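For reference, the structure is listed below as structure tokens.
Treat the numbers as computed from the prediction; the structure is a model and nothing was measured.
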Amino acid sequence: MRFLRTYTRVLQLLGNDLRIAAMLGGANVVLAGLHFIDPLLFGRVIDLLTRSPDMPRAALWQEAISLLGLWAAVGIGGIAANIAVALQAERLAHRNRITAMARYYAHVLAMPLSFHGDTHSGRLVKMMISGTEALFGLWLTFFREHMATFVATLVLLPMTLFLNWKLAVALIVLVVLFCTLTVLVIRHTEAGQRQVESHNNNLAGTAQDALANVVLVQSFTRLGAEARLFGDIANQVIAHQFPVLNWWAVVNVLTRAASTVTVMAIVITGTVLHVNGEASVGEIVGFMGVATMLIGRLEAAVSFASRAVFLRPQLDDFLAVLDAETTVQEKKGATELTAPHGEVRFEKVSFSYPGGTPVLADVSFQARPGTTVALVGQTGAGKTTAMSLLQRLWDPSSGHISIDGQDLRDVTLDSLRRAVGVVFQDSMLFNRSIRDNLRMGRPDATDEELERACRMAEAHDFITRQPLGYDTMIGERGASLSGGQRQRLAIARALLKGPPILILDEATSALDAATEARVARALAVLMRGRTTFIIAHRLSTVRNADEILVFDAGKIVEQGTFDSLLAAGGHFAELVHTQLAGTAVKTAE
Ligand SMILES: Nc1ncnc2c1ncn2[C@@H]1O[C@H](COP(=O)(O)OP(=O)(O)OP(=O)(O)O)[C@@H](O)[C@H]1O
Ligand SMILES: [Mg+2]
């Protein structure tokens, strides 16, 4: 039953094209009918020829011409229907493959981080490609050939009973055998094929993981180990695939044998009937024609069924991704966020990652418009997580976050993310030109604006030193740039976006002290008039913040200005002293 559910979905995916699909269905019925008439006409011609010696010439010609005329009309009709089906089926399959791919891609891109954390990007790409290929193949062959077979079996098989019931029984027994065998083997091999597919997905995930970390693979001399890991999974694929193949080989051999036996049975029964004067030669030849046509189609249908079994796991994976619901749903009737001031308020916000322990507990604070709030604390304390909640990459488990009095859950995701600019710990650049990377947040920025932002972020000089300047491609994740250059690009990108709320998560951690001082000036310009959150380990960076929130194990343990916190002699003072001691040791060395 689940098998049928998958394939119902496969048809539903055709969406608006379902009407064309229905037309193709109609054409297929016509084709099936014509295929049925064809051999019967042939039988009539043979009967006519056997009777011809006793017939007057004129009557013979008259009958022959009307028979042949009908036959020609059937032939031409068949060709026309075939052309229409072939053309439309191809178009339908191609068009919908692209549509399904685009739909999947847009859906996956919009999925929340919880989804991406669990699912490897390599697997997602593989599922997209193999899922849409599977859909394409099934749509195409189904609408071009196999639909006619199903129609033929359902409609024409009972009709053979009217032709000659004794011959028909032999044929019906065969069809029932075919179907039972196929259903049994489908049941038997489904689970195995599911296993094969999950190993196949693993293969893609593993390859993508290693390729994304190719530098590490080489520098840690992991070439052999990674190849072995890949080989092990590949062996699993083979180990699970072979038993499935064995079963389908059995089906193939048995269906062939059954066809031969049936044809022989029909010939023998036909001969006996003819000898007893119960059937003419033409009737037997006609029936044989119908039978061989049906048997040929059934054989093709069995191989289609086996393909449907092989492809089902790929389709299920594809559909599961398409059906996965985002955990950060946009409310119906969500309004556009208006953030003229940029006041941010966290009220008793608690959060844990799915299946994880609590990361934030009862976090409350308020960032007044235009001020700078620093988040400090040990690594893993929950600073980045708190800022992910502000961008609504996740929803808090309890509590509220609001911007200018609007709860984040009441506003559209687009307007929220337009209002918040982020410079990340990891700069996240695309394998596109510098210009395209910079325009990410503001596609309509002019070249002058681009250059101004880059000058402010101290990035203009190194960009012009690149071979193609602003048009230089920067490699996957910006691989052809240094860590500091990547960060300066990310800062320029945020400058261009110019949002009312800004998050700088370790934005200057990859810069040397001299550049950091210069970039700090750029950042000061950027921060002016915007509510800014700075996450920094180097405490010197947060000296000028209006307020410092000290995080420890997901809680805010202290808050105040740099000097007041230092004077209080608590957690923060301890952090500052450890850092100063660290620098002192470094200088002493
Ligand atoms: N996507 C995730 N899924 C599950 N757990 C996560 C995820 N991201 C972070 N965590 C966990 O949440 C906790 C807080 O992480 P977070 O990144 O917020 O810390 P942080 O204060 O920003 O640390 P750092 O200073 O090192 O950047 C950590 O224990 C981390 O392991
Ligand atoms: Mg962090």
Side-chain angles (χ1 to χ4, degrees), residues 3-38 72-108 125-156 182 193 197 200 248 252 293-319 321-322:
F3 185 81
L4 287 183
R5 204 179 314 144
T6 303
Y7 284 98
T8 315
R9 284 295 309 279
V10 167
L11 285 180
Q12 280 170 352
L13 274 181
L14 290 173
N16 292 337
D17 271 354
L18 264 179
R19 271 229 310 278
I20 297 186
M23 267 160 51
L24 281 172
N28 267 301
V29 174
V30 172
L31 271 177
L34 294 181
H35 283 145
F36 187 70
I37 296 173
D38 209 43
V74 166
I76 291 168
I79 290 171
N82 256 326
I83 291 175
V85 166
L87 268 182
Q88 283 303 324
E90 288 274 355
R91 284 166 194 217
L92 176 103
H94 275 280
R95 196 169 46 234
N96 284 284
R97 174 174 154 267
I98 298 295
T99 312
M101 199 182 262
R103 198 168 139 190
Y104 176 98
Y105 178 64
H107 181 74
V108 166
V125 172
K126 183 202 162 268
M127 285 176 192
M128 172 169 92
I129 292 172
S130 56
T132 49
E133 279 301 319
L135 284 172
F136 173 77
L138 288 170
W139 283 329
L140 181 63
T141 50
F142 183 71
F143 287 110
R144 203 175 51 191
E145 297 144 36
H146 300 295
M147 194 178 192
T149 304
F150 292 115
V151 174
T153 321
L154 285 178
V155 179
L156 302 184
T182 311
Q193 192 59 31
E197 199 47 32
N200 264 329
W248 283 101
N252 235 314
M293 185 267 290
L294 266 178
I295 288 170
R297 293 203 149 228
L298 280 171
E299 280 182 0
V302 169
S303 76
F304 177 74
S306 75
R307 256 171 61 83
V309 169
F310 285 115
L311 295 180
R312 187 176 150 221
Q314 296 177 11
L315 293 170
D316 279 345
D317 285 342
F318 183 85
L319 293 172
V321 172
L322 218 49

Any non-hydrogen side-chain atom of Tyr7 less than 4.5 Å from a side-chain atom of Phe142?
no
Are any of the side-chain heavy atoms of Tyr104 and Met127 separated by less than 4.5 Å?
yes
How close do Thr132 and Ile129 get, counting heavy atoms only, and between which atoms?
OG1-O, 3.2 Å
Which atom pair, heavy atoms only, marks the closest approach of Leu135 to Ala100?
CD1-CB, 4.0 Å
Flag the pair Glu133 / Arg97 as yes when at least one side-chain heavy-atom distance between them is below 4.5 Å, and no otherwise.
yes
Shortest non-hydrogen pair, Val10 vs Trp139, comes out as O-NE1, 3.1 Å
Please find the pair of heavy atoms, one from Leu92 and one from Ala21, that lie closest to each other, and give the distance.
CD1-N, 4.4 Å
Atom CG in Leu311, atom OG1 in Thr6: separation rounded to 0.5 Å?
11.5 Å
Ion pair check, Arg144 and Glu90, cut-off under 4.0 Å
yes
Between Asn28 and Leu24, is there a donor-acceptor pair closer than 3.5 Å when you use the side chain of the first and the backbone of the second?
yes
Atom CE of Met293 and atom CG of Asp38: how far apart are they, to the nearest 0.5 Å?
8.5 Å
Donor-acceptor pair, Trp248 side chain versus Ser303 backbone, under 3.5 Å?
no
Closest heavy-atom pair, Gly78 versus Leu31, reported as atoms and distance to 0.1 Å, is O-CD2, 3.6 Å
Of all the heavy-atom pairs spanning Gly131 and Leu315, show the shortest one and how long it is.
O-CD2, 3.9 Å
Taking the side chain as everything from C-beta on, heavy atoms only, tell me whether Asn200 gets closer than 4.5 Å to Gln314.
no
Flag the pair Asp317 / Val321 as yes when at least one side-chain heavy-atom distance between them is below 4.5 Å, and no otherwise.
no
Residue pair Arg103 / Leu13, side-chain heavy-atom distance below 4.5 Å
yes
Please determine whether the number of non-hydrogen atoms from other residues, nucleotides or ligands lying under 6.0 Å from atom CZ of Arg95 exceeds 12.
yes
Side chains of Arg312 and Asp316 in contact at under 4.5 Å (non-hydrogen atoms):
yes
Measuring from atom CG of Asn96 to atom OG1 of Thr99, what distance do you get when rounded to the nearest 0.5 angstrom?
5.0 Å
Just wondering, do Phe304 and Leu138 contact through their side chains at under 4.5 Å, heavy atoms?
yes
